[in-house]
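Contents: one structure, followed by commentary.
Source: prediction; values computed, not measured. One-based numbering, in listed order, for ligands and for the atoms of each.
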Amino acid sequence: MAVTGWHRSTWAEVDRAAIRANIQNEQAHLPENVALFAVVKADAYGHGMLEVAKTAKEAGAKGFCVAILDEALALREAGFDDFILVMGAVPQAFAGLAAQKQIAVTVFDIEWLTGLAPLPMNLDVHLKVDTGMGRLGVRSMEAVREIEAEIAKREDVTLEGIFTHFATADQLETSYFEKQLACFRQVVASMAVRPALVHCANSATALLHEQADFDAVRFGISMYGLTPSPEILSALPFDLRPALSLYTEMVQVKELMPGDHVSYGATYEATECEWVATLPIGYADGFIRAYAGFLVSVEGVLMPIIGRVCMDQCIIKLPCEYPVGTKVTLIGGPNSADVAARYLNTINYEVTCLLSERVPKKYIH
Ligand SMILES: *Cc1c(COP(=O)(O)O)cnc(C)c1O
């Protein structure tokens, strides 16, 4: 069982007003009839699925996209009666459960469909076309036609949508993107019947490319106020508002003498008399060991993490003595998830997804 640390001085703060603003700005940027589906997979990219889903719905999201069936079931369990699409592969054995809960699932090849036992009630499916991502989806017009024909034969399956996913939408160079888009348009045009929901856009596509001939966008990372890539930051149509900040407090403050060491391996050695503070956050919280040396912010002053990050704790070097209880910003403000991502040599998506359930989330606004 995952335990959440409600009685500890480390927490993530999620600004619901920021999420609402990002959704409303994107909705205003989209043509009127294009629906925004909030992508809340992976515990809403570490922001907390149920609170984010509630907030997204308030802001006008018309439904949700998730990666696995259990995420969809958790939304239904919590009372959300909105459209939900599982974008990943659902084992056929659970197609009946999806149908019963009115959760749309993804069809990505003919075998998935022909192997499906008769269902107790209608199952809505979205056909995934692999136009160049090389991940899930059918790869030819023939396969699309075959699946269309197979669905037409069945009373228990409805082809509600068709979609694709771009590999390079977050890059300024668009030739690969254009090729995928042209391929998808061609596939849709060749269908016997155009499904009700034709969609292709992730955040980067929804922000940078016209959506007039599509019915919905799958808005993920930028709903959380983060750019799909640093490269397109200056090309975004509006300012994104990051929703998540990560805070902790100094639980012990001490003075080291020259030659004193810090943390496992005793890799850090004080060269002079210096003040350090112990912070109650570590790699088991998603504040991984690669954060060693990262600069965190205390009242606007940047201070380094010294020595190794432990499972539950780490240590920072202070410029002077600070009172126990002083608040420390690990992620947030100028110390954005983008800054952390650059330091960790990864992407902002991973920075927030890493946060474990042990970190409590506090929702403001
Ligand atoms: C995760 C995911 C998205 C959302 O992408 P963002 O870049 O976070 O907006 C959209 N579509 C598919 C298929 C996905 O897996």
Side-chain angles (χ1 to χ4, degrees), residues 18-19 22-23 25-27 29-30 34-47 49 52-53 56 59 61-72 75 83-90 103-108 125-138 160-171 177 180-181 184 197-209 211 214-233 235-238 240-244 337-338 341 346-354:
I19 293 174
N22 296 324
I23 290 174
N25 284 331
E26 173 56 25
Q27 196 73 70
H29 172 68
L30 287 171
V34 180
L36 187 150
F37 295 150
V39 181
V40 295
K41 61 189 175 184
D43 201 22
Y45 297 37
H47 294 63
M49 184 173 72
V52 168
K62 294 292 187 301
F64 305 106
C65 295
V66 295
I68 63 176
L69 182 58
D70 302 81
E71 293 168 334
L75 286 169
F83 167 87
I84 305 176
L85 170 65
V86 181
M87 302 182 292
V90 173
I103 294 164
V105 303
T106 296
V107 172
F108 52 90
V125 298
H126 287 224
L127 174 53
K128 180 77 184 283
V129 187
D130 176 10
T131 56
M133 179 70 183
R135 201 169 65 177
L136 215 53
V138 298
E160 182 185 44
I162 183 166
F163 71 115
T164 194
H165 191 51
F166 295 108
T168 65
D170 63 346
Q171 296 173 17
F177 171 86
Q180 281 196 261
L181 181 61
F184 184 57
L197 292 171
V198 179
H199 50 109
C200 66
N202 55 2
S203 294
T205 311
L207 289 162
L208 301 181
H209 300 279
Q211 293 299 308
F214 298 109
D215 305 299
V217 301
R218 307 184 301 271
F219 203 51
I221 193 73
S222 297
M223 171 172 62
Y224 307 100
L226 300 175
T227 182
S229 74
E231 181 175 331
I232 61 166
L233 194 54
L236 299 179
F238 53 88
L240 297 170
R241 275 174 60 182
L244 184 135
D338 286 315
T346 182
I347 53 174
N348 50 23
Y349 295 71
E350 198 175 27
V351 168
T352 62
C353 281
L354 272 172

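Among pairs with a residue in residues 62-72, none fulfils salt bridge (charged side-chain N to carboxylate O under 4.0 Å, His left out), at least two apart in sequence or across chains.
Checking side-chain atoms of Gln180 against main-chain N and O of His165 turns up a donor-acceptor pair under 3.5 Å.
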Between ligand 1 and the protein, which N/O pairs are shorter than 3.5 Å?
residue	atom	partner	partner atom	Å
ligand 1	7 (O)	Tyr349	OH	2.6
ligand 1	8 (O)	Tyr45	OH	2.6
ligand 1	8 (O)	Ile221	N	2.8
ligand 1	9 (O)	Ser203	N	2.8
ligand 1	9 (O)	Ser203	OG	2.5
ligand 1	9 (O)	Gly220	N	3.1
ligand 1	9 (O)	Ile221	N	3.4
ligand 1	11 (N)	His165	ND1	3.4
ligand 1	11 (N)	Arg218	NE	2.8
ligand 1	11 (N)	Arg218	NH2	3.3
ligand 1	15 (O)	Lys41	NZ	2.8
ligand 1	15 (O)	Arg135	NH2	3.4

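Checked against side-chain hydrogen bond (donor to acceptor under 3.5 Å, both in side chains), Glu350 has the following partners two or more places apart in sequence or in another chain: Thr346. In this structure Asp215 satisfies the salt bridge (Lys or Arg N to Asp or Glu O under 4.0 Å) test together with Arg194, sequence neighbours excluded.
Residue Leu240 forms a side-chain contact (heavy atoms from CB on, under 4.5 Å) with just one option from Ile221, Asn22, Asn25, and that option is Asn22.
Taking the six-membered ring where the residue is Trp, the centroids of His126 and Phe83 are separated by under 6.0 Å.
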